[in-house]
Amino acid sequence: MENKTMMKLIVGTEAMFFLCLIMAFVYLSFVSGFSPGEQQQLSIRSTGLFSMALFCSSGTFWLAERNYNSGNFKNLKRWLSVTILLGIVFLFGQGREYMHLLQEEQIKISNSLFGTAFYTVTGFHGLHVVIGLIILLVLLSMIIAGDFNHGRSSVIRTAGIYWHFVDVVWLAVFTVIYILPRLNLLK
Amino acid sequence: MNRVGLHILLQSMLHPSSDEAHSIYRLFNQFNIAAFCMLGLVIVLTVYICVKYRARKGEDRTPAQFKGSKKMEALMIGVPALLLLYFFYRTIATMKAVEPNIQANAQPDVIITGHQFWWEVYYPQTGVMTANEVHLPVGKRLTMEMRSADVIHSWWMPELGNKMDLIPGRNNFITLNINQPATYAGTCSEFCGAQHAWMRLYVVAEDSVAYAGWLAANAQPVSTTVSDSLTAKGERIFQTATCGGCHRIQGTAAQGNEGPDLTHLFLRKRMLSGMLPLNEANLYKWINKPQAVKPGSYMPNFIFSKDTVEALVHYMAQLK
Amino acid sequence: MDEAFNIPEPQSPLPGVSVSTDQGLLQWISSVDHKQIGIMYMLVAFLFFLIGGVLALLMRIQLAVPENHFLSPQVYNQIFTMHGTTMIFFVLMPSVLGFSVYLTPLMIGANEMAFPRLNAFGLWMTFFGGLLLYFSFVAGGAPNAGWFNYAPLNEKNFSESSGIDYYALGLFLSGVGSVATAVNLIVTILYYRIKGMRIKQLPLFVWMVLVNSFLILAAIPPLNAALSMILLDRQLNAHFFTTGGSALLWQHLFWLFGHPEVYILILPSFGIYSEVFQVYSGKRIFGYGFVAASSVAIALLAFGVWMHHMFAVGSGLVVNGFFSASSMLIGIPTGVKIFNWLATMYGGTIRFTVSMLFAIAFLIEFTIGGLTGIAFSIVPIDWQLTDTYYVVAHLHFVLIGGSFFGILSGLFYWFPKMTGRMLNEKAGKWFFWLFVIGFNGTFFIQHILGILGMPRRVYTYPDLPWYGVYNFISSVSAFIMGIAGLLLVIIVYHGLKYGKKAGNDPWNGFTLEWMAASPPALKNFDSLPVVRSRRPLWDLKHPENRDDE
């Protein structure tokens, strides 16, 4: 119980952190204003596709956890590996988006207010994905080493809380930065 | 109380001299009465309880273990809440009187721009530009616009009313209706760097005739009263030693805006944004070694020779 | 509490804190025992208290006379910035967390915190954050834009030295440490209470720690966000707060943290006062429910008042009016507790120990500080007095007279438990009077200076009527406080070495920590009775007059 509560509290404080970053993005967009057209350079389709990978990874983690609870260690390892892979795919997609913005559109953190806000929010999210992947990799290694064979640990569930959180944050970020502006709900 | 001519002034919110400052002063007095009553109550209760219920020597009494009382709680919450309700009502009323909403496109009477560490003063209706000493007419409802060229500063004239921050990228406004002619003193009220302490300012409030006269005098381009060779030398040095890169003297090639406008410098009473009385001796010290006078200000040390500084001071002393 | 935690524990019992640490330094710095970590938190606070105090005295020397040249403006600006930053983040925070971490398991009948290693992590992050901040002095200059570090003054073009970068990194580290400890405290309080202790029966100190920990979790993120942004602006040329961005964004983020922060600093002291008033009056708290509920009200409201630090930025009637109302509202749960504590003393048998003296003095000092706070919620008054010495007076009355007096009260109250020795009460009373007189002399007069127009954060001031005299009085009194501080060092040292041996329960207390040994063994408790009320020890001592809840 303690582990899960601890993770929920950490998720809570991190959620507040992302809330502040997203609110700063919105504030800058309204109060100072982004250059028209810069936000249009974001590729909803491409990033949307890679976002699907991240969203699916929550599903695959859920599957992994179910297999752990029913004692099926082979599938646990399999679905956990898929989760990690999907996370890496997402990061790859993020990297592609960054490369496009930096090299083709020349939108950097230093020459654009939109760039400042965009790279900060998505960058911190990406950092949390990396941290999540490290956690999952360590978890996978320990499972392979047999540390979880007794089957009654709360650690996998706890790691799952963090991984789902990273997913939910991306849902919020994607909505605010990619979708709402296209619907003209954000300048 | 006629304070014109006083070089250094004690500014205090206890001497309101504008409509706005009077509103605030009344509210402040009311608050102080209520606050002192509340403090008095707490002190009296504390002392009384400590004296009456102190443990006496040899006493072994176990006091009654009173749990609490919802009625008392209600009273303890209710009375302060009522007091606060009253003060909230007075707060809103006074806010409306002091800082009414102003349309951003109404032309202000004066635009103040904060710099590190001086005040740029511009009168849009006549195009007059000066620094650090603001002249205003009494008895008129004035609108002042507040801007900043660098960091956040804050305008504060305690006898004239509320503070207003000068924020880069944002235009703020205050209204002012000064009651009597005098020289009022104020100071920057938001930490703005090394010399925040000496970013003081003066408002000279005068009747409309004197005010119009002052505006007219300041609208003129530069004119020097004495035309001797030392003046010409000083003028030449000013133009060639890059002084004009930072300072403006209207009617010459010097058009900089990094430092205060100097066109009518010697019409002002103090220098360095209120730090020192304005006279030739102080001006000499300043130009000679700025960092020894106001360390942290952005005036460079030009390492001039004695003659050069003398010529400059002689020239500038005539900038009226 | 059926899960075993398999932490390897030292085999020999834990001796008390002593000057001759026969335990060895290595054992201390590698410890995960909550009692040792609590003590180390307090030692960190103490170290920075001495440094922050010296900084304050340097400031007061410079301000003792008008147009003084003791310190240049550049040096003064670093000193006042470091003084504020140190006292808040590296004195009050670790003091508060130290008491929390030491006492929480003892007061809920637990043997350890939920995550002992995380506990150590929190401590050392705080300490390293402080070291990093102070490293700035030898790395090009300390931060010099004030403890709240407004933009755009904090940007690279206005503050070239890396002081502000060290400020950001140091506070980031210590913020992470605080969050870790807060998580630990919440999980401990939720799951490690002894059988029978329901949440409604938590001792008020533990209750305050619980609420406070949630406050920390919610308040530190805005600070971290702001610190990340200023680092990005300064190091990667981002545009959060520069031209093109928004200078006000910094203020919003900072005060969203900054206002809850002051409640983070005061709530545990409220908890300490609640314990102290009960024990030294021989009564139970008047209105437990209200006192507990008020802390929740404060925690929630704390996030709705931040713009009262920004009344002069020109936000307009509606916004200023809203925050005026919310700030007045939060004054009610904060201030009415004074009457609860007075009512607790009423009808009791009051013992004027040093701990109790600080608590009683707090009642008056905090009322003064609270009333000047209400003055600031009245927007037009704020428009005259914000950014003057009236604010300096206000903040010191609430932070010293409120928060720090609580630490001192707690120190004299729990020292016997922590060390097994009594502090000298007579010397303590000298300390009390010296400190209180010095404190009031230093800060009360600053209210008047603010009303007379003296702005804050100035390295010097003109020779206006009364400015010199009042500043001089303030400076002399500050040195009296300094002498009192030295006296405290001597009292504590003397107590550690020669203090009279204390029993388990020297004050005739009510709560579980007084059932452990003084100092407690490594394993706090071997066994405890089932808890049935808020004052388990009172119930044991007065079976015929047990508490009913």
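Chain naming here is simple, since letters A, B, ... match the order of the sequence lines and numbering starts at 1 in each. The model shown is predicted, which means the values in this text are computed figures rather than measured ones.
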- Measure distances from Met146(B) to the heavy atoms of chain C and classify the residue's part below 4.5 Å as side chain, backbone, both or neither. neither
- Message: Please verify the inter-ring angle class for Phe191(B) with Phe80(C); under 30° counts as parallel, over 60° as perpendicular, anything in between as tilted.
- Response: perpendicular
- Task: Give the C-alpha distance, both sets of side-chain angles, the deciding distance and a yes or no for side-chain contact (heavy atoms from CB on, under 4.5 Å) between Trp383(C) and Met95(B).
- Result: CA-CA 10 Å; Trp383(C) 281 340; Met95(B) 279 170 69; 3.9 Å; yes
- For Leu41(B), is it the side chain, the backbone, both, or neither that has a heavy atom closer than 4.5 Å to a heavy atom of chain C? side chain
- The interface call for Ile285(C) against chain B, heavy-atom contacts under 4.5 Å, is backbone
- If every non-hydrogen atom of Gly282(C) is compared with every non-hydrogen atom of Gln65(B), which pair is closest and at what distance? O-NE2, 2.9 Å
- Message: The test is side-chain contact (heavy atoms from CB on, under 4.5 Å); show your working for Leu342(C) and Tyr48(B) and say whether it passes.
- Response: CA-CA 10 Å; Leu342(C) 280 170; Tyr48(B) 170 74; over 6 Å; no
- When the 4.5 angstrom heavy-atom criterion is applied to Trp341(C) and chain B, the contacting part is neither
- Task: Tell me, with the steps shown, if Lys283(C) and Tyr53(B) meet side-chain contact (heavy atoms from CB on, under 4.5 Å).
- Result: CA-CA 12 Å; Lys283(C) 286 180 63 209; Tyr53(B) 294 106; over 6 Å; no
- Message: What part of Gln74(C) gets within 4.5 angstrom of chain B, counting heavy atoms only: side chain, backbone, both, or neither?
- Response: side chain
- Message: Under 4.5 Å from any heavy atom of chain B, what part of Arg534(C) do you find: side chain, backbone, both or neither?
- Response: neither
- Cut-off 4.5 Å, heavy atoms of chain B, and the answer for Tyr76(C) is neither
- Message: Report which part of Thr187(B) has an atom under 4.5 Å of a heavy atom belonging to chain C: side chain, backbone, both, or neither.
- Response: side chain
- Task: Applying salt bridge (charged side-chain N to carboxylate O under 4.0 Å, His left out), name anything that partners Lys156(C), two or more places apart in sequence or on another chain.
- Result: Asp165(C)
- For Ala81(B), is it the side chain, the backbone, both or neither that has a heavy atom under 4.5 Å from a heavy atom of chain C? both
- Message: Given heavy-atom pairs under 4.5 angstrom as the criterion, report whether the side chain, backbone, both or neither of Thr386(C) touches chain B.
- Response: both
- Message: Please evaluate residues Glu73(B) and Asn340(C) with respect to the criterion side-chain contact (heavy atoms from CB on, under 4.5 Å), reporting the C-alpha separation (whole Å), side-chain torsions for both, the decisive distance (0.1 Å), and the verdict.
- Response: CA-CA 8 Å; Glu73(B) 301 278 15; Asn340(C) 282 79; 3.3 Å; yes
- Region of Asn154(C) in contact with chain B, defined by heavy-atom distances below 4.5 Å: neither
- Can you tell which part of Gln251(C) gets under 4.5 Å to a heavy atom of chain B, answering side chain, backbone, both or neither? side chain
- Task: Could you tell me which portion of Ile167(B) (side chain, backbone, both or neither) has an atom closer than 4.5 angstrom to a non-hydrogen atom of chain C?
- Result: side chain
- Message: At a 4.5 Å cut-off on heavy atoms, which part of Tyr150(C) comes close to chain B: side chain, backbone, both, or neither?
- Response: side chain
- Query: Do any N or O atoms from the side chain of Arg170(B) and from the backbone of Val313(C) form a donor-acceptor pair under 3.5 angstrom?
  - Reply: yes
- Could you tell me which portion of Leu153(C) (side chain, backbone, both or neither) has an atom closer than 4.5 angstrom to a non-hydrogen atom of chain B? both
- Message: Restricting to non-hydrogen atoms, name the atom on Leu317(C) and the atom on Ile92(B) that form the minimum distance, rounded to 0.1 Å.
- Response: CD1-O, 4.4 Å
- Item | Arg90(B) atom CZ, neighbour heavy-atom count above 12 within 6.0 Å | yes
- Heavy-atom distance under 4.5 Å to chain B: side chain of Thr243(C), backbone, both or neither? neither
- Item | Region of Phe352(C) in contact with chain B, defined by heavy-atom distances below 4.5 Å | side chain
- Query: Considering only heavy atoms, which portion of Cys192(B) lies under 4.5 Å from any heavy atom of chain C: side chain, backbone, both, or neither?
  - Reply: backbone
- Query: Top residue by heavy-atom pair count (under 4.5 Å) with chain B, among Ser324(C), Ser377(C), Ala247(C), Gly146(C)?
  - Reply: Ser324(C)
- Taking the side chain as every heavy atom from C-beta outward, state whether Pro380(C) and Ser23(B) have any pair of such atoms under 4.5 Å apart. no
- Does any heavy atom of chain B fall under 4.5 Å from the side chain of Asn144(C), the backbone, both, or neither of them? backbone
